[in-house]
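Single-structure report; data block below.
Since we're looking at a predicted model, the values are computed, not measured.
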Amino acid sequence: MLGEFENLDFRRGSDRSRWRGHNVKWPKVVLACSTLGLVAAACGSSSSTGTTATTAAAATPGVTANSILFGETTPKSGPAALYGQQQAGIQAYFDTINAQGGVGGRKLKLIALDDQYSPPVALQDTKTLIEQDHVFAIVQTNGTATTEANMPIYQQFGVPVVGAGTGAAFFYDTLRPFFFNVWPAYTVEGKKLGEFATQTLKLNKIGVIYQNDDFGKSLYQGFQSSGATAAVSIPYDPTQTDFSSAVAQLKSAGVDGVVIFAIPGPAISIMNAMAAINFHPKLLLSQVSVAPSSYSAVNSSEINGSYISAFIPPLTDSTNPQVATFLSAMKQYQPSTPASVFAAWGWEAAQTAVAGLKAVHGPLTRASYIAALNTLTNLQILGGTISYSPTDHAGLKNVTVLENINGHRVRPTA
Amino acid sequence: MTGAELPAREEILSLSGLTCSYGSVVAVREMDIAISARSVVAILGANGAGKSTTLKAISGLIRPSHGSVRFNGVDITHVSAPKRVKLGIAHCPEGRRIFVNETVKENLMLGGQLAPKKELDSKIAEVLELFPALADRLGQAGGSLSGGEQQMLAIGRALMSSPKLLLLDEPSLGLAPLIVKRVLDALVEINKAGTTVVLVEQNVSSALHLADYAYVLSQGRVGLEGTPEELTANERVRNLYLGG
Amino acid sequence: MTLFFQLIVSGLGFGAVYALGAISLTVIFNTSNVVNFASASLSSAVALLMWLALVRLHLSVVLAWLFALVAAMVIGAVVEAAFLRRVERSSLIVQIVMTLGLLVAIEGLDGALYGFNPKTLPHVIHGPSIAIGSVFLDRNDAFILGLTLVLTLVLYLVYQRTRLGLALRAVASDRDVASLMGIQTQRMVSLSWAIGVLLAGVSAILIAPSISLTPTFMENVAVFAFAAAVLGGFGSLPGALVGGLLIGVMSNLISGYLSNNLQLTFVFLMILLVLYIRPNGLFGKRVMSRQ
Ligand SMILES: Nc1ncnc2c1ncn2[C@@H]1O[C@H](COP(=O)(O)OP(=O)(O)O)[C@@H](O)[C@H]1O
Ligand SMILES: [Mg+2]
């Protein structure tokens, strides 16, 4: 049951470096460099064909009289393979729509490739999808570093992209006409937690510990934009394991609440280190900080009663119609994949992509599709409400704060 | 260990067709040597002649590429160095190679590593009787000893395993004449007690003085062999090693 | 002042873990002259086996420990026999590449076997932290510290007072001559790898409950352990112990008063400084090179 709300462990670039390790392992670096070299060579050789493809495109790529072809790249092998469940979510939604006759008589098709959570591989996959398979659009990529790596090639071909598993500022600060975020920005999430800390919990003195990279800084920036201030703020390196000093500083500063903007590994270490020095402030966590699967890793008294930001509703709540539809479609079309939060990410990206298709007037081209996406207003998807405009591609703006009670995420009692 | 085929001549060690190489360098070629029990045998020859390699092949530090090593009538060509110690072969290597960080006593204990623990004290006492200079240095690090004392320690360490065959690689190298004499005197005593001694030396005259039999190696082969008298009579030996 | 003492006390727990890691490196280096860069993945592998025994096989705690400890020793001996023995006469760089290769390969293998999702091991010692005035000492940390001290003392006595220890020291200083003493040198090297991986594995099992258990979770710890071994003068057991504790405490003080973010940087700066003044480390007598 908790598994359904399994959370993300390997999302950002800096996070990757943790799992792949960057301290003492030059053989990997060598490997990575050689892979990059290969990819660079591939880029060089194929860029000319790319340009001719765009100019020669009389018909819209990936669109036939009775089908529309989408592509997705997520990790399906390696450390982050769980994220590959997004594919099942997308497929389940496409199957649901196809069972209703498709969109405008066209059935939705999906080509899914495995990017192994590696930027060079993601780039290669994306080139394959666009240049070889001629997909119409991309629905859901996964992660900050991978999506950043793909950005030039989306741009080159003007391929619409709907949904990326990241909330990093890079994707929100600059508006790219072809790129539509579905997730809420990390700054939105940080702001929500800041407001919750000051207004709802009315904390007097707050400490913040954040990962020293785009992910952590975006969250912290959002926190500050809420008007909340941190009495102590401690950046940490993603590879850090010993947090005893960091929490001792927070304790000695006398804070009554601590906000943790961390990935799961360090988040667990931080909470355990707090218990070790008998320090029990109110805890506020970013949605990626703690996966329910790792609750047991934390001294239970710490996690219990802590607050966590969230945008996917509890997937156990079948009274929510969005959740109910998702669960039954997963059961019907993707019975072998758990109806996890990862599948939910794919599902809501597909919901958004399809809503865009339905809004197209006249012939379906990439330009008409992008124009149609820009008109979506108050679109209800699994994670909340989305509105786009030509100047706003920021995705979900609703983040809620839930309370961790005995291993469940519930509406806060405070 | 001995079995039925104990040789009539009471041969303790024989090398036959022994060939040893380091990569592409052949250090010892088809060497045949036979050593009688309780004798003192000298192995002489210029630098690089293959003397040390021969001793290493006997103690098992290197494996020959061809040929065999027999000890007390048993083929030990494929027996490991530590097991040869157990059979009764002790090798006191070139350059002494004592354990410099370990104390004198620990060095001696290491020599007696295979001996029962309760015999260690008496064995150490025997060594100290032979080399009294070591007696008040037992607790000192091996590396702090003088060259002569280190050589005594190296020989004493080899004796700790109560060997039947003692291999000594240039024990007099770099020692003052007086010390050399003391060391060589000790060898005579060791031999008298029943231990066969194979002595590699550059100090040819004193080696021949001690030895019952000698081999002269050149370029990995036995060039000459004979009793000291025969060799001293040989003109080439006189010219090359005994200063004409 | 509370902060200062808390930083020191908290630093001792991780410091003891670094010390165990450093002692593991030392024990292995002393007989085989190999710096075991695969330590991080070997120790993680042992902790993952502990997890396998407890969570998947549902063994009792005692049996699980037994299983993990035996497995650690077998892994150590097998890794030495299968990989390091092949390169024991090769150049230093070949040996380094071999251990780094093992690091990557074992992590990959564990990743395939267990996945990279964080897992958990229970604390060995439960209960609230011990209050010393206003400073708190985690019970698990206290246990790790005590165990590390005992293990170091036992190892030290074995090395200094027993024939086995003497043989291990002889193999360390001159392997050929040790074999001329009748010592089965190969066996001593296998044994020290078995003990080395055992110690590293114990440190991983003990620290896993405080951090999260993955195939790579010991990487960061191993870097500090390596630093501790260097600081103590690679090759000295008391040096490794003191080096580990010192690094645990110093990195906490650095993080507390200078910058949490630059912990690792300052620790290595400190080591550079120590090596500049004492090139063989705090306790070192042998230079870290092959004769
Ligand atoms: N470890 C080694 N590696 C390569 N060549 C060696 C080695 N040891 C000895 N040799 C060579 O083998 C030959 C015989 O050496 P050695 O037995 O030491 O001679 P000796 O003891 O008579 O001076 C020499 O040519 C020497 O250079
Ligand atoms: Mg020689």
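Looking at Leu61(B), only its side chain comes within 4.5 Å of chain C, counting heavy atoms on both sides. Heavy-atom distances place the side chain of Leu120(B), and not its backbone, under 4.5 Å from chain C. With a 4.5 Å cut-off on non-hydrogen atoms, Arg157(B) touches chain C through its side chain but not through its backbone. Both the backbone and the side chain of Lys117(B) have a heavy atom closer than 4.5 Å to some heavy atom of chain C.
At least one side-chain heavy atom of Leu110(B) sits under 4.5 Å from a side-chain heavy atom of Ile183(C). Contact check for Val100(B) versus Ser173(C): no side-chain heavy atoms found under the 4.5 Å cut-off. Contact annotation: the side chain of Asp176(C) approaches that of Arg97(B) to within less than 4.5 Å [non-hydrogen atoms, C-beta and beyond].
At most 12 heavy atoms of other shown residues, nucleotides or ligands fall within 6.0 angstrom of atom OH in Tyr156(C). By the 6.0 Å contact criterion, CZ on Phe83(C) is open, its count of non-hydrogen atoms from other residues, nucleotides or ligands being 12 or less. More than 12 non-hydrogen atoms from other residues, nucleotides or ligands lie less than 6.0 angstrom from OH of Tyr22(B). Counted within 6.0 Å of CZ on Arg86(C), heavy atoms from surrounding residues, nucleotides or ligands total 12 or fewer; the atom is thus considered open.
Of the listed residues Ala115(B), Cys92(B), Gly60(B), Ala158(B), the one with more heavy-atom pairs under 4.5 angstrom with chain C than any other is Ala115(B).
Between the OG atom of Ser179(C) and the NE2 atom of His91(B) there is a distance of 10.0 Å, given to the nearest 0.5 Å. The CD atom of Glu102(B) sits 8.0 Å away from atom CD of Gln160(C), with the distance rounded to the nearest 0.5 Å. Met109(B) contributes atom CE, which lies 13.5 Å from atom CE of Met181(C) (distance to the nearest 0.5 angstrom).
Gly112(B) and Arg163(C) get closest at one heavy-atom pair: O-NH2, 2.7 Å.
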